[in-house]
Participant: 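Okay, handing you the structure first.
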Amino acid sequence: MSQKVSTRGSGAKKGPQKYQNEFAYQHNKGSKTTKKILSTPIDGLCKRCTDQVAWRKQYRKYKPLSAPKKCVSCDQKNVKKAYHVLCDGCASAKGVCAKCMESSEVVDTSDQKTSEEILKEEQGLENKLAGMQERQRRTYLRKLERGEIEVADIPAAGSNSQSLDFSDSEFESGDESSSNDKE
């Protein structure tokens, strides 16, 4: 008995898509609408809907509302967030997702940092590192990557802090003994 193979209308077998993406989508860096879209928080939604809206933001498919929509529950124009069908008041009162209206657990993203906050932190870090010597700058960046220090631990550009040891004491002592042997 032969097995059925999934085919297209012409009888050709299905396979992977012909043209694979070679690189990820990149936003237009100077676009004001992109910055506005990325800075809007995703809240009042379940995990599935949060992922859907996040995908739309990531690939520039997100369209913000131009005017408030009518809430399905209270019939008032209170819905001010895109892809929501319930206003925040009705969704929180009913304990449901504001997009799919299912009573699954609503994800709280209020503690996550917005892109504006992240941008401010990066600028603050760059300002702190700008006044340092190259050796100190690289040491602080290396320690940040390892997780040994945090951005708040880095001293301001003007202060002379010797909190990190920049000396190569173990190498210097070994070099001195070898140089004494040569003399």
Side-chain angles (χ1 to χ4, degrees), residues 6-10 12-131 137 140-141 144-145 147 149-157:
S6 181
T7 60
R8 297 174 192 261
S10 64
K13 290 183 182 179
K14 286 185 181 178
Q17 65 188 42
K18 188 171 182 181
Y19 298 104
Q20 298 283 339
N21 293 336
E22 294 180 9
F23 52 88
Y25 177 79
Q26 293 179 348
H27 290 282
N28 182 1
K29 293 179 183 175
S31 173
K32 290 181 181 178
T33 52
T34 300
K35 289 178 184 174
K36 181 181 175 187
I37 287 171
L38 293 176
S39 65
T40 56
I42 304 172
D43 55 349
L45 303 178
C46 63
K47 175 73 174 133
R48 181 169 180 257
C49 295
T50 302
D51 292 341
Q52 289 174 356
V53 173
W55 181 89
R56 286 181 169 275
K57 283 183 169 188
Q58 182 180 357
Y59 291 101
R60 195 62 154 67
K61 303 291 183 186
Y62 185 90
K63 285 182 146 185
L65 281 178
S66 57
K69 285 192 329 184
K70 190 182 274 191
C71 176
V72 174
S73 179
C74 65
D75 292 331
Q76 303 219 353
K77 288 199 171 191
N78 289 342
V79 181
K80 295 177 175 73
K81 297 174 184 167
Y83 307 104
H84 289 220
V85 293
L86 293 175
C87 62
D88 292 337
C90 293
S92 60
K94 292 182 178 183
V96 296
C97 173
K99 183 175 181 271
C100 65
M101 296 175 48
E102 291 183 6
S103 60
S104 59
E105 187 175 330
V106 176
V107 177
D108 183 28
T109 58
S110 60
D111 60 338
Q112 295 179 353
K113 296 179 181 177
T114 63
S115 60
E116 292 175 0
E117 291 173 349
I118 293 170
L119 185 65
K120 285 181 182 178
E121 283 184 4
E122 289 176 358
Q123 288 176 346
L125 176 63
E126 288 175 10
N127 290 341
K128 285 182 177 181
L129 295 176
R137 184 180 314 130
Y140 278 115
L141 289 174
L144 275 173
E145 285 179 13
I149 60 171
E150 294 182 11
V151 177
D153 298 337
I154 297 176

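On a predicted model such as this, the values are computed, not experimentally measured, just so you know. Computed over heavy atoms, backbone and side chain alike; hydrogens, waters and symmetry mates excluded. Numbering starts at 1 and runs along the sequence shown.
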Participant: What's the spacing between Thr50 OG1 and Leu45 CG if we round to 0.5 Å?
Facilitator: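 Separation between the atoms: 4.5 Å.
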
Participant: Can you find a heavy atom in the side chain of Lys99 that is under 4.5 Å from one in the side chain of Gln52?
Facilitator: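 Side-chain contact under 4.5 Å: yes.
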
Participant: How long is the span from the NZ atom in Lys35 to the NZ atom in Lys32, to the nearest 0.5 Å?
Facilitator: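 Here the rounded value is 9.0 Å.
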
Participant: Are the side chain of Thr40 and the backbone of Ile37 linked by a donor-acceptor contact shorter than 3.5 Å?
Facilitator: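 Yes; judged by distance alone, with no hydrogens or angles, the pair exists.
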
Participant: Looking at Asp153 and Glu150, would you say the former's side chain and the latter's main chain have a donor-acceptor pair under 3.5 Å?
Facilitator: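 Pair found, side chain donor or acceptor close to backbone of Glu150.
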
Participant: Within a strict 4.5 Å, meaning less than it, do heavy atoms of the Val106 and Val96 side chains meet?
Facilitator: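 Not touching, per the 4.5 Å side-chain cut-off.
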
Participant: Looking only at heavy atoms, what is the nearest atom pair of Asn78 and Cys87, with distance?
Facilitator: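 For Asn78 and Cys87, the tightest heavy-atom pair comes out as CB-CB, 3.5 Å.
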
Participant: Is there side-chain contact between Val79 and Leu86, with heavy atoms separated by less than 4.5 Å?
Facilitator: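 Val79 does not reach Leu86 side chain to side chain.
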
Participant: Check this for me: does any side-chain nitrogen of one of Asp88 and Lys80 sit under 4.0 Å from a carboxylate oxygen of the other?
Facilitator: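 Not counted as a salt bridge, because no side-chain N and carboxylate O are separated by less than 4.0 Å.
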
Participant: Determine which pairs satisfy side-chain hydrogen bond (donor to acceptor under 3.5 Å, both in side chains) with at least one residue from residues 64-75, sequence neighbours left out, and list them in order.
Facilitator: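 For residues 64-75: Ser73-Lys94.
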
Participant: Once rounded to the nearest 0.5 Å, what's the spacing between atom CG of Asp51 and atom CD1 of Ile42?
Facilitator: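 Reported to 0.5 Å precision, the distance equals 8.5 Å.
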
Participant: I'd like to know if the side chain of Tyr25 reaches the main chain of Arg60, judged simply by a donor and an acceptor atom lying under 3.5 Å from each other, with no hydrogens or angles considered.
Facilitator: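 The answer is no, because no donor-acceptor pair under 3.5 Å joins these two groups.
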
Participant: Measuring from Ile154:CD1 to Ile149:CD1, what's the distance to the nearest 0.5 Å?
Facilitator: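 Going from CD1 on Ile154 over to CD1 on Ile149, the span is 4.5 Å.
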
Participant: So which atom in Lys63 and which in Tyr83 form the shortest heavy-atom distance, rounded to 0.1 Å?
Facilitator: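 The answer is N-OH, 3.1 Å.
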
Participant: Got a second to check how far Leu38's CG is from Thr33's OG1, nearest 0.5 Å?
Facilitator: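 If we round to the nearest 0.5 Å, Leu38:CG and Thr33:OG1 are 9.5 Å apart.
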
Participant: Quick one: closest heavy-atom pair of Leu65 and Lys81, and the distance?
Facilitator: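 Closest approach of Leu65 to Lys81, heavy atoms only: CD1-O, 3.4 Å.
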
Participant: Find the distance between CZ (Arg137) and NZ (Lys128) and round it off to the nearest 0.5 Å.
Facilitator: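 Between Arg137 CZ and Lys128 NZ, I get 15.0 Å after rounding to 0.5 Å.
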
Participant: Do side-chain atoms of His84 reach the backbone of Cys97 as a donor and acceptor pair under 3.5 angstrom?
Facilitator: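 A pair under 3.5 Å: no.
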
